[in-house]
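Quick caveat: nothing in here was measured; it's all calculated off a predicted structure.
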Amino acid sequence: SERNLELQKKARCFVERPKSVEGISKAVQSRTFYFDPTYVVKEDLKDHQGHVFARKGSKFNPLEIVSLSQNLIFFDGDDQEQKVWVQQRFAKNTDTKPLRLILIKGAPLKLAEALNIPVYFDQGGFLTRKLGIKHVPAVVSQEGLQLKIEEMVLPPSRELKREEVP
């Protein structure tokens with residue numbers, strides 16, 4: 001039916017070009033800050049046999065158990081300068097971990113095809129909001145039991161001054 005074709009077209013458009021994450025702009029000043037993923041247990045947590053394995057009020061940092069397996073790069077896929085920077089960084093990845101590319105704007109499937117690697121999308125801005133990312137490109141890596149977030153100005157020569165946030 002015509003209604004089904006319309007729904008299929010809308011779904012395809014959403015997959016090919018998800019809604020851009022609002023409130024994120026291109027970095028005009030570099031900023032480095034940290035995110036502590038420590039979680040405070042809100043109520044006693046029990047296993048299937050009723051044994052408490054985490055008491056209310058106890059703290060839990062997932063990075064104590066599992067490390068970040070990939071460094072994350074958040075960027076605007078519609079910004080040519082950011083796309084070129086990401087391609088260059090990916091091609092000569094000197095990080096000790098592989099990179100995971102995450103768009104905040106753009107067409108992930110088209111870009112994944114062009115780069116020949118998976119490209120993800122921050123649906124609804126969940127990750128950028130959780131991590132406090134306001135500007136892109138931004139690189140997220142693990143440093144100890146925290147996540148280090150670096151918002152970067154492109155090209156670096158355009159940098160006026162660096163802001164460090166403890």
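- A donor-acceptor contact shorter than 3.5 Å links the side chain of N61 to the backbone of L145.
- V140 is not listed as a side-chain neighbour of F35, based on a closest heavy-atom distance of 4.5 Å or more.
- A donor-acceptor pair is defined here as one N or O able to donate and one able to accept, closer than 3.5 Å; no such pair exists between the side chain of R100 and the backbone of S69.
- Annotation: Q70, atom CD; neighbour count of heavy atoms from other residues, nucleotides and ligands within 6.0 Å is above 12.
- Contact annotation: the side chain of L63 never approaches that of Q146 to less than 4.5 Å [non-hydrogen atoms, C-beta and beyond].
- From L103, atom CG reaches atom CD of Q123 across 10.5 Å, with rounding to the nearest 0.5 Å.
- At least one donor-acceptor pair under 3.5 Å links the side chain of Q142 to the backbone N or O of G144.
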If you apply the rule side-chain contact (heavy atoms from CB on, under 4.5 Å), what do you find for F74 with V21, and how did you get there? CA-CA 11 Å; F74 291 84; V21 177; over 6 Å; no
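- In the hydrophobic clustering of this structure, V84 does not group with V119; members are Ile, Leu, Val, Met, Phe, Trp, Tyr whose side-chain heavy atoms approach within less than 4.5 Å, directly or through other members.
- In this structure, K83 places its NZ atom where more than 12 heavy-atom neighbours from other residues, nucleotides or ligands lie under 6.0 Å away.
- Within a 6.0 Å sphere centred on CZ of F126, other residues, nucleotides and ligands contribute 12 heavy atoms or fewer.
- Nearest heavy atom pair, residue G106 against residue F121, reads O-CE1, 3.7 Å.
- Under the 4.5 Å side-chain criterion, counting only non-hydrogen atoms from C-beta, Y120 is not in contact with L72.
- A donor-acceptor pair is defined here as one N or O able to donate and one able to accept, closer than 3.5 Å; no such pair exists between the side chain of E151 and the backbone of A27.
- Under the side chain to side chain contact (heavy atoms under 4.5 Å, CB included) test applied with I104, the options I133, I24, D78, L127 reduce to a single match, I24.
- V136 pairs in a side chain to side chain contact (heavy atoms under 4.5 Å, CB included) with only one of the listed residues (D76, I73, I102), which is D76.
- Using a 4.5 Å heavy-atom threshold, the side chains of L99 and I117 count as separate.
- Distance check: Q82 CD to M152 CE gives 11.5 Å after rounding to the nearest 0.5 Å.
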Before you tell me yes or no, could you show the steps for H135 and V28 under side-chain contact (heavy atoms from CB on, under 4.5 Å), namely the whole-Å CA-CA distance, both residues' side-chain angles and the distance that decides it to 0.1 Å? CA-CA 8 Å; H135 309 286; V28 292; 5.9 Å; no
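- Annotation: the span from K105 atom NZ to K19 atom NZ amounts to 11.5 Å, rounded to 0.5 Å.
- Taken from CH2 in W85 to CG in L154, the straight-line distance is 6.0 Å, to the nearest 0.5 Å.
- With hydrogens and angles ignored, the 3.5 Å screen pairs a side-chain donor or acceptor of D44 with a backbone N or O of K56.
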